[in-house]
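Just so you know, ligand 1 is whichever comes first in the structure, and atom 1 is the first atom listed for that ligand. Atom set for the values below is all heavy atoms of this structure, side chains included, hydrogens, waters and symmetry mates excluded. Predicted, not measured: the structure shown is a model, and the values here were computed from it.
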Amino acid sequence: MNKSASLTTLTINYGMSSEKETLNFIEQMVEKDLAEGKKGGVLHTRFPPEPNGYLHIGHAKSICLNFGLAEKYNGQCNLRFDDTNPEKEDTEYVDSIKEDIKWLGYDWADREYYASDYFDQLYGFATQLIKDGKAYIDDRTAEEISKDRGTPTRPGVDSPYRDRPAEESLTIFEEMKAGKHDEGTHVLRAKIDMASPIMQLRDPVIYRIKKASHHRTGDKWCIYPTYDFAHGQSDSIENITHSLCTLEFASHRPLYDWFIKELGIFPSEQTEFARLNLSYTVVSKRKLRELVEGNFVSGWDDPRMPTISGIRRRGYTPDSIKNFASKVGVAKRDGISDVALLEHSVREDLNKKANRVLGVLDPIKLVITNYPEGQTEQLDAVNNPEDENAGKRQIPFSREVYIERGDFMEEPPRKFFRLGPDREVRLKYAYIVKCTGFKKNDAGEIEEVYCEYDPATKSGQDNTGKKVKGTLGWVEANNAVNAEIRLYDRLFKTEDLNTIEDDFKNHLNPESLTTMTNAMVEPSVGKMEVGTQFQFERMGYFIIDRDSSDTKPVINRTVTLRDNWAKKNG
Ligand code: ATP
Ligand code: MG
């Protein structure tokens with residue numbers, strides 16, 4: 001796999017203007033088609049999810065592409081549920097898909113369609129083909145049919161039913177529809193060419209019997225069209241001009257075109273682009289379902305999941321995903337994109353938008369022994385240095401505060417600029433303090449650290465000229481709010497999950513979730529609503545999770561501040 005290819009073939013700005021833009025190959029095609037007035041000189045795309053799972057980051061790329069093109073070229077994009085597999089589909093998925101697309105900021109207006117709404121029309125297309133001698137009923141089993149399909153280098157063998165009279169096929173097809181035949185006894189096949197070098201053209205099955213209830217049509221149907229017979233025709237019914245799909249469908253294109261030609265319907269055209277693959281991530285609904293059903297994660301929206309609902313709960317923003325899709329671009333060849341770029345995109349976005357607050361993940365107490373007992377003062381803290389309009393807030397300060405356990409060392413090395421015996425640091429927004437001692441518990445762990453502060457060094461009013469090398473985050477002890485903080489790491493420990501031979505679940509990262517239950521955060525965090533995002537200074541970006549209670553916030557870490565992407569590429 002060629003990493004750089006997928007990362008450099010880029011520069012599309014979905015719906016956003018950019019000074020000098022390089023068009024990707026799909027935009028080039030669209031601009032040419034529009035200029036030539038092809039298909040009425042309009043652009044009409046669709047996003048066609050199958051409602052058999054939650055959308056993932058790969059779908060987000062397809063959504064940004066289809067809806068983004070429609071926005072950019074004044075066209076329209078339909079939402080079409082490709083719901084032709086009754087056993088696997090469910091309205092739960094339909095609802096989540098709509099929610100996810102809306103959250104990304106796209107709008108299909110009143111164009112919410114379902115392939116199942118076209119079952120009558122598709123049935124009509126099928127009978128038309130039978131009457132034209134272009135389709136026939138085959139009475140053999142799936143195994144028999146598949147055995148006679150041949151291989152790419154060996155031609156297939158004609159079915160003994162291939163030349164049965166159209167009348168007969170029509171009658172059986174009607175009986176199939178009426179439920180008179182059992183599953184597996186008959187299929188309808190297009191009559192194309194059993195010797196074609198393109199396997200898809202070797203008399204593909206276009207209808208099969210399935211005695212299953214459908215999430216929308218109930219028990220009305222017991223025959224269902226295959227993907228190939230439903231997808232392209234649905235495109236035609238909706239007058240889709242540009243039907244964009246991933247590369248694995250390239251070999252289906254001749255069949256797509258064949259149906260359109262034989263049925264004489266709207267000439268939609270299919271174009272393929274490379275699917276999004278992401279390092280340290282699986283993007284396949286089937287595999288993601290396995291993780292959910294096997295309880296490897298807490299659900300489709302577990303914040304470690306690459307589903308849109310998972311990364312939303314994790315704290316990714318719509319803009320960060322759109323910017324990521326834009327940076328990854330649209331390529332003609334498969335590659336693997338670096339998950340660090342996705343992480344970079346959310347940092348870039350949150351850096352501008354997220355207020356800073358103070359919090360301590362693993363607290364130890366710091367007692368400022370010369371600070372008056374019983375006194376509390378309010379200090380000014382800047383909400384966001386990147387945003388002048390974000391203003392300031394007040395945070396309490398008193399004799400006892402919490403600091404991060406890792407910010408104190410009993411015997412610090414020379415380059416450790418935080419706290420140790422006799423060392424001085426600044427407490428952010430507050431004073432310079434000097435360590436005078438510490439206390440250990442019976443287990444030998446540091447329990448409390450003692451300091452003295454210098455009242456003349458108050459932040460913003462310090463004229464002492466004193467310089468210290470370290471500044472620490474802290475939270476005032478009396479007003480601190482206890483929180484549960486969930487630290488997420490990548491769900492997989494293997495970079496390229498496309499090339500592994502064994503079960504992908506063997507590659508799960510056992511340290512993908514660390515829960516900090518003793519964390520202490522500043523009072524303002526206790527009042528934040530679910531979904532509020534902020535930066536704990538020096539520690540990363542976080543979001544309030546829906547598992548929060550009235551008394552205890554639950555906080556997800558979206559991403560740390562360490563930007564490996566910028567380091568490598570900046
Ligand atoms: P999965 O393999 O995860 O089940 P799918 O292709 O079967 O995905 P669909 O619901 O059929 O899922 O996909 C809807 C649309 O999203 C299709 O047009 C498909 O090509 C596109 N899509 C799916 N996965 C990706 C991906 N990784 N990158 C880009 N587009 C994708
Ligand atoms: Mg699919």
Heteroatom distance test (N52, ligand 1): nitrogen or oxygen, under 3.5 angstrom: no
Is it the side chain, the backbone, both or neither of H56 that has a heavy atom closer than 4.0 Å to ligand 1? side chain
Check this for me: does any side-chain nitrogen of one of D235 and R80 sit under 4.0 Å from a carboxylate oxygen of the other? yes
Under 4.0 Å between a Lys/Arg side-chain N and an Asp/Glu carboxylate O for D349 and K353? yes
Can you tell whether the side chains of D203 and R162 come within less than 4.0 Å, N to carboxylate O? yes
Any heavy atom of H59 closer to ligand 1 than 4.0 angstrom? yes
Report, in ascending order of atom number, the atoms of ligand 1 lying under 4.0 Å from any heavy atom of S62. 16 (O), 21 (C), 30 (N)
Does K287 have a non-hydrogen atom less than 4.0 Å from ligand 1? no
Using the ring of each side chain (for Trp, its six-membered ring), is Y123 parallel, tilted or perpendicular to F173, with breaks at 30° and 60°? parallel
Do you know the tightest heavy-atom contact between E92 and D90? N-OD1, 2.9 Å
Any N/O pair L276/ligand 1 closer than 3.5 Å: yes
Any F47 heavy atom less than 4.0 Å from ligand 1: yes
Tell me, do F259 and F125 make a side-chain contact under 4.5 Å, heavy atoms counted? no
Using a 4.0 Å cut-off to any heavy atom of T246, which atoms of ligand 1 qualify? 19 (C), 20 (O), 29 (C), 30 (N), 31 (C)
Ligand-residue contact atoms, ligand 1 with R275, heavy atoms, under 4.0 Å: 2 (O), 24 (N), 26 (C), 27 (N), 28 (N), 29 (C)
If we only count N/O pairs under 3.5 Å, is K61 in contact with ligand 1? no
Report yes if some heavy atom in the side chain of Y136 is under 4.5 Å from a heavy atom in the side chain of L188; otherwise report no. no
Counting from 1, what ligand 1 atoms have a heavy atom of P48 closer than 4.0 Å? 14 (C), 18 (O)
What is the ring orientation for H214 with F119, classed by angle as parallel under 30°, tilted 30 to 60°, or perpendicular over 60°? perpendicular
